[in-house]
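See below for the structure under consideration.
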Number of protein chains: 2
Amino acid sequence: MEGAEQKRIKQSDINRITVKDIAIEAGVSVSTVSRALANDPVIAKETRERITMKAKEMGYRPNFFARGLIRQRSGVVALFVNNITNPFYPEVLVKLSRRLQKMKLHTMIFTSDDGVEDSVPALQEINPDVAILLAATMKADYLQEFNDSNTPIILFNRYVAGARASAICCDNIGGGQLVAERLAESGRRHLAFIEGLATASTNADRLTGYLEGIDASGLPDPVIHSGGDFSYETGYDGMQALFARDQRIDAVFCANDIIAVGASDCIRRELGLRIPEDIAIVGFDDIALASWPSHDLTTVRQPMDDMIECVITEILRFQQNRSAVPKQYFMPGELIIRGSAKLASGRVNE
Amino acid sequence: MEGAEQKRIKQSDINRITVKDIAIEAGVSVSTVSRALANDPVIAKETRERITMKAKEMGYRPNFFARGLIRQRSGVVALFVNNITNPFYPEVLVKLSRRLQKMKLHTMIFTSDDGVEDSVPALQEINPDVAILLAATMKADYLQEFNDSNTPIILFNRYVAGARASAICCDNIGGGQLVAERLAESGRRHLAFIEGLATASTNADRLTGYLEGIDASGLPDPVIHSGGDFSYETGYDGMQALFARDQRIDAVFCANDIIAVGASDCIRRELGLRIPEDIAIVGFDDIALASWPSHDLTTVRQPMDDMIECVITEILRFQQNRSAVPKQYFMPGELIIRGSAKLASGRVNE
DNA sequence: CTGAAAGCGCTTACAG
DNA sequence: CTGAAAGCGCTTACAG
């Protein structure tokens, strides 16, 4: 066997470098190594630098488990996800975990269909710095179980009244209002709404804002298709049901973009009508496909990056004080006008 | 303050239950508690049951960090993700992490734009049981760095020749062949291909199979649009470029579904042509939107569930033996025929 | 400025 | 069948 080959084999089988190895190598105690690597100014600058160099040379990496055991902070963020059919969530997930990675935090994913019962034990085992619920459809009841685990909670894109949890949301009420105003201004008269999951705060707030905006504009009450979920099928079937109830409908606001795409497809394929000439369609989220020519969907863009920064702020707050008082944030969305809701009756838009 | 309120406050401030607490409560040593909870048959059945009950009563949860420190296995799976614009990946991510959760494994997410340099240190800190690369676009060079960290690697939907890593892929070559055969059978004569990322094995293999199938069918060589990525824009622009080069093209196979949707939109909006009457379109993946009426996309469905099970098999293998020899799996995809590639020239399909 | 010692919460030889 | 002891790799009072 050749030298190089042998060396490589050895390297990968060798045990990880520990503070002890560095201590021996640098001729100091492990305490000094630990302090030097933490950049503790109590250690002589010269010693600190020498140890830091050595550690780097030797390829030292602190052991995650030893560190987690001794420190109070685990350095873990638990991210709960259940509904990932809406592409909005994967995007948040990736951006958020990238951001956390930069802060030297580790992201652990937990999923659950029916609830989070099996996840709460995991929380207790790991004791994360904070748990983030990235799942609009999660039942509120489980929040209590989370609270029992004594982990700070951040709800993303969801708000639960009275819960001991921070919440970071788009201003869904404001967004619904923007949509109503826009539709009223552009000459639509017979508005409708297709619900997603009725129990989700996003759904309820978007509808609330929409109703307020409609009311303020002096338009008649909208026709509401209720009792769905945030799916393409809800949009498709909901649109069909709405049209059967009232053929005068000339604008439909959908609880999110996926629903809006379903409704659009129904309008074109099933009802044989045109968008926006016959019916205007508006969604919510501004996911990637909303801007594709085949959908060209008017929608309310969620301020995703701001929302993520806000999550970071909350995490820092909870790291400083585990039982900091939870806060709620409602960040304004932006109406993005595309072809699906241009002005009615041939008038020029903008 | 009322009793109930006070109790709750106490509960959440109380320190976690440890083996020591159980030992005291049960009147045995911590060793016995540890063994009993591990269901070690050396402990008397009666003792074991009593301790297990007590632990349950007291709401004991083993400390993840203490356990990780003492055991050889971390119980962590590191999941690397970088490109999540293709909805195929989020779906895999959620299904996979759900599956891992059932196996009492924890999923940690790592992301990286430019590569994985910053992630390798994390691997060394955490020492996961296995690292899964769920990112078709990751550069091959980084695999070496991964290997240096001595963590077993599983490539999902990607294959790197000669790498010390298991790979679990759809049989992309076979899939490409299926597409070519189908298009030939249905009377298409002037085939084309739109590439995704040229360096991705998925892209290369799908093209290879396509070329083989075309060759076997005796059709002329296809026109290839090369040098893109797996994006909607690549499809849209690629289609435009293809049509400019050769107006006789009557079928386009795209490296994935997202590209296919981009190409479709270009055909309808930009070129003013019909699908499938003028041009047939075929994608790859069978993501959710492929079945939506507005796309109605013929595609090759990846055997996602089988692929995930295969990942589990590999994990178990690596858990038993960290340096088990890596294996490659190529699992057959299924051609899903939808409206975008029905028979040409008005002939009835099937 | 540095070191010896204790301890985080587990598991596992080693005795008995 | 059970317990005392050592140790995983760190951090951090407490001495000096």
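This is a predicted model, so every value here is computed, not measured. Order of the sequence lines fixes the chain letters, A, B, ..., with proteins taken first and strands second; residue numbering starts at 1 for each chain.
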Exercise. Give DNA chain C the dot-bracket treatment, 5' to 3': Watson-Crick (N1-N3 with N6-O4 or O6-N4) or G-U (N1-O2, O6-N3) under 3.5 Å, [ ] crossing, | other strand.
Key: |||.||||||||.|||

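- For B:E57, the side chain to side chain contact (heavy atoms under 4.5 Å, CB included) test picks out B:K54, with sequence neighbours left out.
- Position along DNA chain C of the nearest nucleotide to B:F65 versus A:I43 favours A:I43 as the more 5'-ward residue.
- Nucleotide D:dG3 holds its C1' atom 15 Å from the CD1 atom of B:I24, rounded to whole Å.
- B:F330 and B:Y159 have their aromatic ring centers within a separation under 6.0 angstrom.
- One interatomic measurement links the two molecules: CG of B:N127 to P of D:dC8, which rounds to 15 Å at whole-angstrom precision.
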Exercise. For each nucleotide in nucleotides 10-16 of chain C, reading 5' to 3', give B when a protein heavy atom comes within less than 4.0 Å of its base, S when such contact involves only the sugar-phosphate, and - otherwise.
Key: BBBBB--

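- At whole-Å resolution of the value, CZ in A:R16 and C1' in D:dC8 are 13 Å apart.
- Taking the side chain as every heavy atom from C-beta outward, A:N63 and B:L69 approach each other to under 4.5 Å.
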Which pairs of donor and acceptor atoms, one on a side chain in residues 40-47 of chain B, lie under 3.5 Å apart (sequence neighbours left out)?
from  : atom 1 : to    : atom 2 : distance (Å)
B:D40 : OD1    : B:V42 : N      : 3.0

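- Dashed line: the shortest gap from a side-chain N or O of A:T47 to OP1 or OP2 of C:dC1 is not under 4.0 Å.
- Checking D:dG3, C:dG9, C:dC1 against every side-chain atom of B:L69, the shortest atom distance belongs to C:dG9.
- Classification of B:E125 and A:R67 as a salt-bridged pair fails, no side-chain N sitting under 4.0 Å from a carboxylate O.
- Side-chain atoms of A:D129 do not come within 3.5 Å of backbone N or O of A:Q319 as any donor-acceptor pair.
- Every residue two or more places apart in sequence or in another chain that forms a ring pair (Phe, Tyr, Trp, His ring centres under 6.0 Å) with B:F65 is listed here: A:F64.
- Note: CD (A:E49) to P (C:dT2) measures 12 Å, nearest angstrom.
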Listed pairs under 3.5 Å, donor-acceptor, residues 30-37 of chain A side chains, sequence neighbours left out:
from  : atom 1 : to    : atom 2 : distance (Å)
A:T32 : OG1    : A:S29 : OG     : 3.2

